[in-house]
J.: 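Take this structure first; my questions come after.
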Amino acid sequence: MEALLKADAIEILEPYIVRIKEAVSIAVMEYFLGNEYALTRHKHSARTAASICHDNIKDQIKMKFEDLPKTRIKERSGLFMLIIEEKIILRFKKFDGNLMSSGIATNQAMAYDLHDTVQLELDGMPANGLLYVGYTLNSLQSNIDGVFITSRYGNVNIWDWEVTNEGEIPTIQPVLFPQPTTTETTTKKRRVRAKDKSISAGDMNAINE
(Lines give C-alpha, C1' and ligand atoms only; values in the text may rest on other atoms or scores of the structure.)
Protein backbone atom coordinates (compact mmCIF):
# COMPACT_ATOMS: atom_id res chain seq x y z
CA MET A 1 0.00 0.00 0.00
CA GLU A 2 1.31 3.43 -0.94
CA ALA A 3 0.79 6.18 1.61
CA LEU A 4 -1.52 9.05 0.79
CA LEU A 5 0.66 11.97 -0.22
CA LYS A 6 0.58 14.94 2.12
CA ALA A 7 -0.14 17.29 -0.81
CA ASP A 8 -3.16 15.20 -1.80
CA ALA A 9 -4.47 15.15 1.77
CA ILE A 10 -4.12 18.94 2.00
CA GLU A 11 -6.01 19.40 -1.27
CA ILE A 12 -8.91 17.21 -0.10
CA LEU A 13 -9.09 18.61 3.43
CA GLU A 14 -8.53 22.29 2.63
CA PRO A 15 -12.26 23.20 2.47
CA TYR A 16 -12.86 21.58 5.87
CA ILE A 17 -9.68 22.25 7.79
CA VAL A 18 -10.85 25.38 9.64
CA ARG A 19 -13.93 23.54 10.94
CA ILE A 20 -11.76 20.62 12.04
CA LYS A 21 -9.19 22.82 13.79
CA GLU A 22 -11.84 24.91 15.53
CA ALA A 23 -13.80 21.86 16.67
CA VAL A 24 -10.72 20.38 18.34
CA SER A 25 -9.47 23.67 19.79
CA ILE A 26 -12.81 24.70 21.27
CA ALA A 27 -13.47 21.23 22.68
CA VAL A 28 -10.13 21.03 24.49
CA MET A 29 -10.22 24.62 25.75
CA GLU A 30 -13.74 24.07 27.10
CA TYR A 31 -12.29 21.45 29.41
CA PHE A 32 -9.13 23.27 30.50
CA LEU A 33 -10.47 26.84 30.63
CA GLY A 34 -14.24 26.52 30.90
CA ASN A 35 -16.45 26.78 33.93
CA GLU A 36 -17.88 23.25 33.95
CA TYR A 37 -14.76 21.52 35.31
CA ALA A 38 -13.17 24.47 37.12
CA LEU A 39 -13.61 22.88 40.55
CA THR A 40 -12.71 19.30 39.62
CA ARG A 41 -9.93 19.44 37.00
CA HIS A 42 -7.21 19.11 39.63
CA LYS A 43 -8.65 15.73 40.65
CA HIS A 44 -8.63 14.25 37.16
CA SER A 45 -5.94 11.92 35.85
CA ALA A 46 -4.42 12.56 32.42
CA ARG A 47 -6.52 9.69 31.06
CA THR A 48 -9.73 11.19 32.46
CA ALA A 49 -8.87 14.60 31.03
CA ALA A 50 -8.17 13.07 27.60
CA SER A 51 -11.44 11.13 27.73
CA ILE A 52 -13.47 14.24 28.53
CA CYS A 53 -11.70 16.19 25.79
CA HIS A 54 -12.46 13.39 23.33
CA ASP A 55 -16.16 13.49 24.22
CA ASN A 56 -16.11 17.27 23.76
CA ILE A 57 -14.42 16.85 20.36
CA LYS A 58 -17.11 14.38 19.28
CA ASP A 59 -19.83 16.89 20.19
CA GLN A 60 -18.08 19.71 18.33
CA ILE A 61 -17.49 17.58 15.22
CA LYS A 62 -21.13 16.51 15.19
CA MET A 63 -22.29 20.13 15.43
CA LYS A 64 -20.00 21.27 12.64
CA PHE A 65 -20.27 18.32 10.22
CA GLU A 66 -23.49 16.34 10.66
CA ASP A 67 -25.38 18.35 8.02
CA LEU A 68 -22.40 19.28 5.87
CA PRO A 69 -22.46 17.83 2.31
CA LYS A 70 -19.79 15.29 1.34
CA THR A 71 -19.06 14.40 4.97
CA ARG A 72 -20.45 11.79 7.35
CA ILE A 73 -19.76 10.48 10.82
CA LYS A 74 -19.28 6.81 11.64
CA GLU A 75 -18.96 5.16 15.04
CA ARG A 76 -17.97 1.53 15.31
CA SER A 77 -16.68 -0.51 18.25
CA GLY A 78 -15.44 2.53 20.13
CA LEU A 79 -13.99 4.31 17.10
CA PHE A 80 -15.39 7.73 16.26
CA MET A 81 -14.56 8.69 12.67
CA LEU A 82 -15.24 11.63 10.38
CA ILE A 83 -15.33 10.65 6.70
CA ILE A 84 -14.51 13.34 4.14
CA GLU A 85 -15.69 12.91 0.53
CA GLU A 86 -15.37 9.12 0.88
CA LYS A 87 -11.61 9.64 0.46
CA ILE A 88 -10.27 10.43 3.93
CA ILE A 89 -11.19 9.12 7.37
CA LEU A 90 -10.18 11.05 10.49
CA ARG A 91 -9.81 9.83 14.06
CA PHE A 92 -9.33 12.27 16.93
CA LYS A 93 -6.73 11.75 19.65
CA LYS A 94 -4.45 13.44 22.15
CA PHE A 95 -0.85 13.50 20.88
CA ASP A 96 2.41 13.30 22.79
CA GLY A 97 5.53 15.27 21.92
CA ASN A 98 6.24 12.91 19.00
CA LEU A 99 2.75 13.48 17.57
CA MET A 100 1.76 9.93 18.43
CA SER A 101 -1.36 8.82 20.24
CA SER A 102 -1.59 6.27 22.99
CA GLY A 103 -4.37 4.17 24.40
CA ILE A 104 -5.67 0.64 24.68
CA ALA A 105 -4.56 -1.42 21.68
CA THR A 106 -7.95 -2.88 20.76
CA ASN A 107 -8.36 -4.89 17.57
CA GLN A 108 -10.20 -1.98 15.99
CA ALA A 109 -7.51 0.52 16.98
CA MET A 110 -4.77 -1.71 15.57
CA ALA A 111 -6.80 -2.24 12.40
CA TYR A 112 -6.99 1.52 11.98
CA ASP A 113 -3.24 1.96 12.45
CA LEU A 114 -2.64 -0.76 9.85
CA HIS A 115 -5.22 0.71 7.44
CA ASP A 116 -7.34 -2.45 7.48
CA THR A 117 -10.54 -1.07 5.97
CA VAL A 118 -12.09 -4.55 5.66
CA GLN A 119 -12.00 -5.23 9.41
CA LEU A 120 -13.25 -1.70 10.04
CA GLU A 121 -16.16 -2.33 7.65
CA LEU A 122 -15.13 0.60 5.50
CA ASP A 123 -15.56 -1.15 2.19
CA GLY A 124 -14.87 1.06 -0.78
CA MET A 125 -12.71 3.48 1.18
CA PRO A 126 -9.07 3.88 0.11
CA ALA A 127 -6.87 2.17 2.69
CA ASN A 128 -4.30 4.96 2.66
CA GLY A 129 -6.91 7.56 3.60
CA LEU A 130 -7.00 6.71 7.33
CA LEU A 131 -5.51 9.71 9.15
CA TYR A 132 -5.36 11.15 12.65
CA VAL A 133 -6.28 14.58 13.95
CA GLY A 134 -4.54 15.23 17.25
CA TYR A 135 -3.86 17.98 19.74
CA THR A 136 -0.87 18.62 21.98
CA LEU A 137 -0.86 20.36 25.36
CA ASN A 138 1.47 23.00 26.69
CA SER A 139 4.29 22.21 29.12
CA LEU A 140 2.00 22.73 32.12
CA GLN A 141 -0.61 20.37 30.67
CA SER A 142 -3.13 23.14 31.23
CA ASN A 143 -4.21 24.23 27.75
CA ILE A 144 -4.04 23.25 24.10
CA ASP A 145 -0.76 24.00 22.35
CA GLY A 146 -1.19 22.72 18.78
CA VAL A 147 -3.43 20.83 16.37
CA PHE A 148 -1.99 18.40 13.81
CA ILE A 149 -3.02 15.91 11.16
CA THR A 150 -0.84 12.85 10.70
CA SER A 151 -0.57 9.89 8.37
CA ARG A 152 0.42 6.94 10.54
CA TYR A 153 1.21 3.36 9.73
CA GLY A 154 1.73 1.07 12.71
CA ASN A 155 3.92 2.98 15.16
CA VAL A 156 5.40 5.40 12.63
CA ASN A 157 4.19 8.75 11.35
CA ILE A 158 4.72 8.96 7.61
CA TRP A 159 4.05 12.70 7.57
CA ASP A 160 2.46 15.39 9.74
CA TRP A 161 0.71 18.66 8.99
CA GLU A 162 0.32 21.39 11.61
CA VAL A 163 -3.01 23.20 11.29
CA THR A 164 -2.85 25.18 14.54
CA ASN A 165 -3.00 28.57 12.84
CA GLU A 166 -5.50 27.75 10.10
CA GLY A 167 -8.31 30.30 10.15
CA GLU A 168 -9.15 32.36 13.19
CA ILE A 169 -7.93 31.12 16.55
CA PRO A 170 -10.85 30.65 18.97
CA THR A 171 -10.37 31.96 22.48
CA ILE A 172 -11.94 31.06 25.80
CA GLN A 173 -11.15 33.10 28.88
CA PRO A 174 -9.92 30.93 31.78
CA VAL A 175 -12.17 30.62 34.81
CA LEU A 176 -9.79 30.85 37.75
CA PHE A 177 -12.25 31.70 40.51
CA PRO A 178 -15.86 30.58 39.99
CA GLN A 179 -18.35 33.38 40.62
CA PRO A 180 -20.75 32.99 43.58
CA THR A 181 -24.27 31.90 42.73
CA THR A 182 -27.23 34.20 43.19
CA THR A 183 -28.16 32.41 46.43
CA GLU A 184 -24.82 33.18 48.02
CA THR A 185 -24.49 36.28 50.19
CA THR A 186 -21.56 37.98 51.82
CA THR A 187 -21.53 38.79 55.51
CA LYS A 188 -18.27 40.66 55.62
CA LYS A 189 -18.81 44.31 56.44
CA ARG A 190 -16.54 47.19 55.67
CA ARG A 191 -14.53 48.31 58.68
CA VAL A 192 -15.06 51.94 59.47
CA ARG A 193 -12.09 53.81 60.84
CA ALA A 194 -12.75 56.58 63.33
CA LYS A 195 -11.67 59.95 62.09
CA ASP A 196 -8.69 61.47 63.84
CA LYS A 197 -9.36 65.20 64.13
CA SER A 198 -5.64 65.87 64.13
CA ILE A 199 -5.33 64.69 60.52
CA SER A 200 -5.73 67.42 57.97
CA ALA A 201 -7.91 67.11 54.84
CA GLY A 202 -4.80 66.68 52.71
CA ASP A 203 -3.52 63.88 54.92
CA MET A 204 -6.91 62.18 54.82
CA ASN A 205 -6.93 62.25 51.02
CA ALA A 206 -3.48 60.70 51.00
CA ILE A 207 -4.67 57.88 53.27
CA ASN A 208 -7.70 57.20 51.06
CA GLU A 209 -5.68 56.97 47.83
Side-chain angles (χ1 to χ4, degrees), residues 1-14 16-32 41 44-61 73-84 87-120 122 125-166 169:
M1 182 200 73
E2 293 184 4
L4 177 68
L5 295 178
K6 181 178 179 179
D8 292 339
I10 292 174
E11 182 178 357
I12 296 168
L13 293 174
E14 192 65 41
Y16 312 96
I17 199 61
V18 172
R19 287 175 183 258
I20 293 168
K21 189 285 298 283
E22 288 184 350
V24 174
S25 299
I26 291 171
V28 177
M29 287 192 293
E30 279 180 348
Y31 171 74
F32 284 102
R41 277 191 299 266
H44 294 165
S45 66
R47 177 176 292 183
T48 298
S51 179
I52 294 173
C53 287
H54 188 263
D55 286 344
N56 287 350
I57 290 171
K58 288 170 60 175
D59 287 342
Q60 285 290 331
I61 290 295
I73 291 168
K74 183 179 178 69
E75 294 189 65
R76 184 180 185 280
S77 301
L79 298 189
F80 175 84
M81 297 170 283
L82 174 64
I83 300 176
I84 304 289
K87 297 176 181 177
I88 286 179
I89 302 175
L90 300 174
R91 279 194 73 197
F92 300 86
K93 299 288 286 184
K94 175 187 174 183
F95 282 167
D96 61 21
N98 295 318
L99 304 185
M100 299 291 289
S101 62
S102 60
I104 300 173
T106 64
N107 289 336
Q108 297 303 310
M110 289 189 291
Y112 194 94
D113 290 343
L114 296 175
H115 299 233
D116 187 348
T117 54
V118 175
Q119 183 171 335
L120 294 170
L122 296 169
M125 291 291 300
N128 64 359
L130 279 64
L131 307 179
Y132 278 97
V133 179
Y135 64 92
T136 57
L137 298 179
N138 61 18
S139 59
L140 297 177
Q141 300 290 290
S142 61
N143 196 5
I144 193 168
D145 185 56
V147 182
F148 302 82
I149 294 178
T150 63
S151 174
R152 170 178 175 172
Y153 187 81
N155 294 320
V156 176
N157 279 336
I158 300 170
W159 53 257
D160 62 79
W161 172 25
E162 183 173 6
V163 299
T164 308
N165 297 319
E166 294 290 338
I169 301 176

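Just so you know, these numbers come straight off a predicted model, no measurement behind them.
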J.: With side chains defined as the heavy atoms from C-beta onward, is the minimum distance between I57 and V133 less than 4.5 Å?
T.: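 Of all side-chain heavy-atom pairs linking V133 with I57, none is under 4.5 Å.
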
J.: Can a side-chain donor-acceptor contact be found between R152 and S101 if the only test is distance below 3.5 angstrom?
T.: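 Per modelled atom types, S101 and R152 side chains form a pair under 3.5 Å.
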
J.: Check whether any side-chain N or O of N157 sits under 3.5 Å from a backbone N or O of L99 as a donor-acceptor pair, and report yes or no.
T.: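 At least one qualifying donor-acceptor pair exists.
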
J.: Looking at every non-hydrogen atom in both residues, tell me the closest pair between N143 and M29 and how far apart they are.
T.: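 Taking every non-hydrogen atom into account, OD1-CG, 3.4 Å.
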
J.: Return yes when atom CZ of R76 has more than 12 non-hydrogen atoms of other residues, nucleotides or ligands closer than 6.0 Å, and no otherwise.
T.: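 Above 12, so yes.
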
J.: Kindly check if the number of other-residue, nucleotide or ligand heavy atoms within 6.0 Å of CD (E11) is above 12?
T.: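 No - once you tally the heavy atoms of other residues, nucleotides and ligands closer than 6.0 Å, there are 12 at most.
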
J.: Using modelled atom types and a 3.5 Å cut-off, is there a donor and acceptor pairing between side-chain atoms of N128 and backbone atoms of E2?
T.: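 Between the backbone of E2 and the side chain of N128 there is a qualifying donor-acceptor contact (under 3.5 Å).
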
J.: Is there a side chain to side chain contact (heavy atoms under 4.5 Å, CB included) between L4 and I88? Walk through the geometry before answering.
T.: CA-CA 9 Å; L4 177 68; I88 286 179; 4.0 Å; yes

J.: Examine distances only and state if a side-chain atom of T136 and a backbone atom of G146 form a donor-acceptor pair shorter than 3.5 Å.
T.: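 A pair under 3.5 Å: yes.
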
J.: Would you confirm whether N98, through its side chain, and M100, through its main-chain N or O, come within 3.5 Å as a donor-acceptor pair?
T.: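 No; judged by distance alone, with no hydrogens or angles, the pair does not exist.
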
J.: L120 versus Y112: any side-chain heavy-atom pair under 4.5 Å?
T.: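 SC-SC contact between L120 and Y112 confirmed.
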
J.: Working to the nearest 0.5 Å, report the span between OH of Y16 and CG of L82.
T.: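 Between Y16 OH and L82 CG, I get 9.5 Å after rounding to 0.5 Å.
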
J.: Check whether any side-chain heavy atom of K58 sits under 4.5 Å from a side-chain heavy atom of D55, and report yes or no.
T.: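 In contact.
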
J.: Would you check, one step at a time, whether the test side chain to side chain contact (heavy atoms under 4.5 Å, CB included) holds for E14 with E166?
T.: CA-CA 10 Å; E14 192 65 41; E166 294 290 338; 4.2 Å; yes

J.: Check whether any side-chain heavy atom of T164 sits under 4.5 Å from a side-chain heavy atom of Y135, and report yes or no.
T.: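 They are not in contact (no side-chain heavy atoms under 4.5 Å apart), so the answer is no.
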
J.: Checking I149 against L13 for the side chain to side chain contact (heavy atoms under 4.5 Å, CB included) test, could you report, in this order, the C-alpha distance in whole Å, the side-chain angles of both residues, the deciding distance, and whether it holds?
T.: CA-CA 10 Å; I149 294 178; L13 293 174; 3.9 Å; yes

J.: For a 4.5 angstrom cut-off between non-hydrogen side-chain atoms, does L114 reach Q119?
T.: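 Contact flag for L114/Q119 side chains = no.
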
J.: Could you tell me which non-hydrogen atom of K94 sits nearest to which non-hydrogen atom of A46, and how far apart they are?
T.: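 Residues K94 and A46, closest heavy atoms: NZ-CB, 4.4 Å.
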
J.: If you look at every heavy atom in S25 and V147, which pair is closest and at what distance?
T.: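 Smallest interatomic distance, heavy atoms only, reads OG-CG2, 3.7 Å.
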
J.: Looking at every non-hydrogen atom in both residues, tell me the closest pair between L131 and A9 and how far apart they are.
T.: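 In terms of heavy atoms, the two residues are closest at CD1-CB, 4.3 Å.
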
J.: What's the verdict on side chain to side chain contact (heavy atoms under 4.5 Å, CB included) for I144 and F32, showing C-alpha distance, side-chain angles and the deciding distance?
T.: CA-CA 8 Å; I144 193 168; F32 284 102; over 6 Å; no

J.: Looking at every non-hydrogen atom in both residues, tell me the closest pair between A127 and T117 and how far apart they are.
T.: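 Heavy-atom minimum between the residues: CA-CG2, 3.7 Å.
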
J.: Drop me the distance from I89's CD1 to M125's CE, to the nearest 0.5 angstrom.
T.: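 Between I89 CD1 and M125 CE, I get 3.5 Å after rounding to 0.5 Å.
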
J.: Assess the residue pair H115 and Y153 against the criterion (ring pair (Phe, Tyr, Trp, His ring centres under 6.0 Å)); give the C-alpha distance rounded to whole Å, side-chain angles, the decisive distance to 0.1 Å, and a yes or no.
T.: CA-CA 7 Å; H115 299 233; Y153 187 81; 5.6 Å; yes

J.: For atom NZ of K6, decide whether the heavy atoms of other residues, nucleotides or ligands shown that lie under 6.0 angstrom number more than 12.
T.: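 Buried by this count: over 12 neighbours within 6.0 Å.
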
J.: Can you tell me if Y132 and D160 form a side-chain donor-acceptor pair at under 3.5 Å?
T.: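 Distance-only check fails for Y132 and D160.
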
J.: To the nearest 0.5 Å, how far apart are NZ in K21 and CG in N165?
T.: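 It comes to 6.5 Å.
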
J.: CD1/I61 to CD1/I20 distance, rounded to the nearest 0.5 angstrom?
T.: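 Between I61 CD1 and I20 CD1, I get 6.5 Å after rounding to 0.5 Å.
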
J.: Is any side-chain heavy atom of I17 closer than 4.5 Å to one of W161?
T.: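 Answer yes - side chains close enough.
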
J.: Rounded at 0.5 Å granularity, tell me how far CG in L140 sits from CG in D145.
T.: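 The CG atom of L140 sits 10.5 Å away from the CG atom of D145.
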
J.: Shortest non-hydrogen contact from C53 to A27?
T.: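 Minimum heavy-atom separation between C53 and A27: O-CB, 4.3 Å.
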
J.: Does the side chain of Q60 come within less than 4.5 Å of F92's, by heavy atoms?
T.: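 The answer is no, as the side chains (C-beta and beyond) never meet within the 4.5 Å cut-off.
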
J.: Hey, what do you get for CG (D113) to CD (Q108), rounding to the nearest 0.5 Å?
T.: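 The CG atom of D113 sits 11.5 Å away from the CD atom of Q108.
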
